[in-house]
Amino acid sequence: MGGLRRSHNCQALGPDDMGKEVTLMGWVLRRRDHGGVIFIDLRDRWGLTQVVFNPGVNPAVHAKAHDLRSEWVIAVRGRVEDRPAGMVNAKLATGAIEVLVDELRILNVSKTPPFPLDEEVEVAEGLRLKYRYLDLRRPEMTANLVMRHRACQAMRGYLNGQDFLEIETPMLTRSTPEGARDYLVPSRVNPGRFYALPQSPQLFKQILMVAGMDRYYQIVRCFRDEDLRADRQPEFTQIDLELSFVEEEDLYTVAEGMMKELFRATLGMELTPPFPRMTYSEAMRRFGNDKPDLRFAMELVSLTDLVAHCGFKVFQTVVASGGLVKSINAKGCADFSRKDLDDLTTFVAQFGAKGLAWVKVKEGGEWQSPIAKFFTDEERGNMAAVLDAAPGDLLFFVADTTTVVHQALSELRLELARRLGLLAKDKFSFLWVTDFPLLEYDHEEKRHVAVHHPFTAPREEDIALLDTEPGKALSRAYDLVLNGTEIGGGSIRIHRQDIQDKVFRTLGISPEEAADKFDFLLRALELGAPPHGGMAFGLDRLLMILAGRESIRDVIAFPKTQKATCPLTEAPAPVARKQLTELHLRPDWKE
RNA sequence: GGGGUCGUAGCUCAGUUGGUUAGAGUGCCUGCCUGUCACGCAGGAUGUCGCCGGUUCGAGUCCGGUCGGCCCCGCCA
């Protein structure tokens with residue numbers, strides 16, 4: 001660096017530094033060459049400082065500055081000056097000063113970048129990922145990584161203060177049944193055997209409780225080989241907790257305290273726990289969804305009883321066959337066009353709804369609707385009353401099985417909120433969802449499967465139900481929902497071997513299979529396992545919400561594409577035949 | 001596994017009913033310019049219209065296939 005040492009970063013200087021001799025290093029963001037004076041916006045991780053080359057100060061340095069181009073890496077030595085009157089840039093933290101350069105070192109040149117770093121234009125994400133190091137130089141992206149760092153530090157700090165131990169667990173572990181598809185790693189020294197990358201450290205953290213660690217946490221990578229979404233990556237990060245001698249309330253307190261620290265450290269915002277709570281069944285009834293977004297109302301209203309004997313065959317038939325008729329009231333949306341309604345019908349169709357009935361409420365309360373004629377005045381009046389319908393409102397109805405009605409209407413509710421701009425990014429609505437069912441019936445596998453995971457404790461009073469009506473048993477699981485996104489979930493675990501056996505049996509896992517797959521856990525539960533419970537938070541999703549982004553890829557330094565590839569490294573990639581042979585793998589694909 | 005959408009200059013995009021030599025903004029290059037901050041002015045260069053095939057006198061445009069990005073359903077204890 002030619003003997004120069006950096007004295008300040010590009011965000012540090014202000015009017016107090018007037019007259020100081022400083023050395024800055026960074027990247028050329030923009031060059032404004034006036035023929036005489038040349039201005040360079042110098043950028044680093046911290047910010048932006050304008051540096052000035054004046055032929056009257058140093059003609060040789062000024063001439064050299066003429067050659068500078070975008071993203072060249074330079075060092076400048078010069079004097080901090082107040083900007084002339086009227087030349088202060090209020091948009092810039094360092095906008096009151098500039099550095100008058102007396103010495104310029106070009107530390108590295110750069111080709112013209114493949115996409116602009118200084119503009120608002122949306123660049124194709126594939127290109128951003130291929131040149132991720134350029135993308136991450138953009139201040140918005142840098143800010144996301146800075147926020148991620150602060151978030152982790154805040155949560156670590158909080159948990160450390162609560163006497164938790166941060167303990168690492170294996171990345172090479174064994175595949176377990178249930179749950180997502182595993183990423184597998186072949187064992188070279190054990191032909192035909194495979195490790196699995198962890199979907200979560202679930203069993204290890206429970207075993208750490210048996211080991212007496214009492215309070216464990218880890219900020220840990222987890223792997224699930226399933227298809228990707230805007231909020232799902234094949235590898236993602238959890239803040240994983242487990243505590244001994246606790247009940248639900250203890251977990252809520254810890255999680256709320258941690259969220260409070262998190263929001264203070266990242267957004268400078270003071271949360272006011274406790275967070276509201278809602279049972280799973282109430283959430284499903286009122287919102288059709290186990291992670292309702294409570295930033296707005298627009299609740300689902302059941303018309304099932306009102307229309308059971310109405311003249312509209314579609315509704316009547318659905319009710320007679322045990323289905324539901326539910327409705328939502330889009331307040332003030334009676335001006336939606338025919339196309340809007342067609343679009344929304346298509347929208348709900350992807351969730352299985354065979355139709356979307358609607359009613360526009362006119363002045364005086366008359367119904368403009370293809371289905372108005374099927375109802376008596378009294379029926380219309382009753383429906384209007386329960387829906388709180390007023391002139392100008394638009395009512396939507398879905399009649400189908402419980403599952404379809406709830407999914408279609410809860411998605412419609414969110415779609416309407418998006419269209420109506422009800423999803424304020426600076427509003428944060430937390431909710432605990434509690435009392436989940438322990439099991440649900442899987443029609444494909446023709447057996448019950450765990451809603452949460454097979455180690456979740458049933459409620460004490462529901463244990464007997466496992467023998468009679470297992471679908472009715474409720475669990476001691478809880479989710480933390482923020483703005484309609486599940487950001488964390490956990491449960492009080494089973495700590496007795498006999499209960500764990502019983503749950504395995506109910507899940508159709510034979511004693512032999514349980515012994516084969518979970519022997520180590522069952523054995524641990526027989527050797528003094530304390531009552532324990534915990535939860536895990538999705539760091540990426542949490543940060544996506546905090547940063548106001550639409551995708552977790554924006555808060556991950558090196559994310560994968562929807563096809564689970566990395567455009568930067570071009571992973572996954574072929575390997576040498578020899579590597580496969582060493583792993584005892586015989587490929588059947590063409591090379 | 002399925003549905004939708006996009007792919008044209010380095011980038012962001014336009015391109016009508018199939019019609020001559022494919023455009024804009026920006027970036028890039030050159031010159032001018034001493035107070036800009038998305039500086040300004042003048043000039044210039046830049047295209048495998050993702051790829052393959054088909055229809056046609058003629059394809060960026062129509063058809064079939066394929067590859068890739070993104071969104072969604074299924075899947076994700």
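A note on names: the letters A, B, ... follow the listed sequences, proteins ahead of strands, and every chain is numbered from 1. Just so it is clear, the structure is predicted and the values come from calculations on it, not from any experiment. The figures that follow rest on heavy atoms only: side chains count, while hydrogens, waters and symmetry mates do not.
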When you compare the protein's N or O atoms with those of nucleotides 69-72 of chain B, which come within less than 3.5 Å of each other, and at what distance?
from, atom 1, to, atom 2, distance (Å)
B/rG69, OP1, A/Thr561, OG1, 3.2
B/rC70, OP1, A/Gln562, N, 3.4
B/rC70, OP2, A/Gln562, N, 2.9
B/rC70, O3', A/Arg553, NH2, 3.1
B/rC71, OP1, A/Arg553, NH1, 3.3
B/rC71, OP1, A/Arg553, NH2, 2.8
B/rC72, OP2, A/Ala230, N, 3.4
B/rC72, O2', A/Gln350, OE1, 2.6

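- Ion pairing between a basic and an acidic side chain is recognised when a charged N comes within 4.0 Å of a carboxylate O; A/Asp343 and A/Lys339 show such pairing.
- Of the side-chain N and O atoms in A/Arg31, none sit less than 4.0 angstrom from OP1 or OP2 of B/rC39.
- Within the 4.0 angstrom heavy-atom criterion, only backbone atoms of the sugar-phosphate kind lie near A/Gln407; the bases stay farther away.
- No engagement by A/Val449 is indicated, since no non-hydrogen atom pair under 4.0 Å with the nucleic acid exists.
- When the C1' atom is compared between B/rG31 and B/rU61, the two are found 41 Å apart, to the nearest whole Å.
- Checking A/Gln407 against A/Glu411 by side-chain atom types alone, no donor-acceptor pair falls below 3.5 Å.
- Ion pairing of A/Asp293 with A/Arg413 is absent here, as no side-chain N (NZ or NE/NH1/NH2) approaches a carboxylate O to less than 4.0 Å.
- Distance from the side chain of A/Thr112 is smallest for B/rG27 among the nucleotides B/rC37, B/rG27, B/rC75.
- Between A/Arg30 and B/rC39 there is a side-chain N or O to OP1 or OP2 distance below 4.0 Å.
- The side chain of A/Asn89 lies closest to B/rC37, out of B/rG27, B/rC37, B/rU30.
- Between A/Asp227 and A/Arg232, none of the side-chain N atoms (NZ, or NE/NH1/NH2) sits under 4.0 Å from a carboxylate O, so this pair counts as no salt bridge.
- You'll find a donor-acceptor pair under 3.5 Å spanning the side chain of A/Glu98 and the base of B/rG35, going by distance alone.
- Rounded to a whole angstrom, the distance from the P atom of B/rU17 to that of B/rC63 is 14 Å.
- Rounded to a whole Å, the CG atom of A/Asp33 is 14 Å from the C1' atom of B/rC37.
- Comparing atom distances between the A/Pro55 side chain and each of B/rC37, B/rU34, B/rC28 picks out B/rU34 as nearest.
- Base engagement by A/Pro84 is indicated by at least one non-hydrogen atom pair under 4.0 Å involving a base atom.
- Position along RNA chain B of the nearest nucleotide to A/Asn54 versus A/Pro113 favours A/Pro113 as the more 5'-ward residue.
- In summary, the side chains of A/Asn144 and A/Glu140 do not present any donor paired with an acceptor at a separation below 3.5 Å, with no hydrogens or angles considered.
- In this structure, A/His34 does not count as stacked on the base of B/rU36 under the 5.5 Å centre distance and 30° plane angle limits.
- Within the 4.0 angstrom heavy-atom criterion, no nucleotide atom of any strand lies near A/Ile38.
- Partner assigned to B/rU26 is B/rG10, using Watson-Crick or G-U wobble distances below 3.5 angstrom.
- When the side-chain nitrogen and oxygen atoms of A/Arg32 are compared with OP1 and OP2 of B/rC39, one or more of them lie within a distance under 4.0 Å.
- Nearest-nucleotide assignment on RNA chain B puts the 5′-proximal partner with A/Leu100, out of A/Leu100 and A/Arg232.
- One atom, CG of A/Leu29, and another, P of B/rU36, lie 18 Å apart when rounded to the nearest Å.
- An aromatic stacking contact links A/Phe39 with the base of B/rU36, defined here by ring centres under 5.5 Å apart and ring planes under 30° from parallel.
- Between A/Leu127 atom CG and B/rG68 atom P the separation is 17 Å, expressed in whole Å.
- When distances are taken from the side chain of A/Asp227 to each of B/rG35, B/rG74, B/rC37, the shortest belongs to B/rG74.
- A gap of 48 Å separates the P atoms of B/rG4 and B/rA42, to the nearest Å.
- Comparing the C1' positions of B/rU34 and B/rG23 gives an interatomic distance of 37 Å, to the nearest angstrom.
- To the nearest whole angstrom, the two C1' atoms, one in B/rU26 and one in B/rU21, are 24 Å apart.
- Partner assigned to B/rU5 is B/rG69, using Watson-Crick or G-U wobble distances below 3.5 angstrom.
- A/Glu122 comes within contact range of the sugar-phosphate backbone alone, with a heavy-atom separation under 4.0 Å but no base atom that close.
- Using Watson-Crick or G-U wobble geometry with both donor-acceptor distances under 3.5 Å, B/rC41 finds its partner in B/rG31.
- A donor-acceptor contact closer than 3.5 angstrom links the side chains of A/Ser337 and A/Asp340.
- Nucleotides B/rG60 and B/rG2 have their C1' atoms positioned 30 Å apart, rounded to a whole Å.
- Distance check: A/Leu29 CG to A/Arg137 CZ gives 11.0 Å after rounding to the nearest 0.5 Å.
- Looking at A/Thr176 and A/Arg174, their side chains never bring a donor and an acceptor atom within 3.5 Å of each other.
- Looking only at atom types and distance, the side chain of A/Thr169 has a donor-acceptor partner in the side chain of A/Gln218 under 3.5 Å away.
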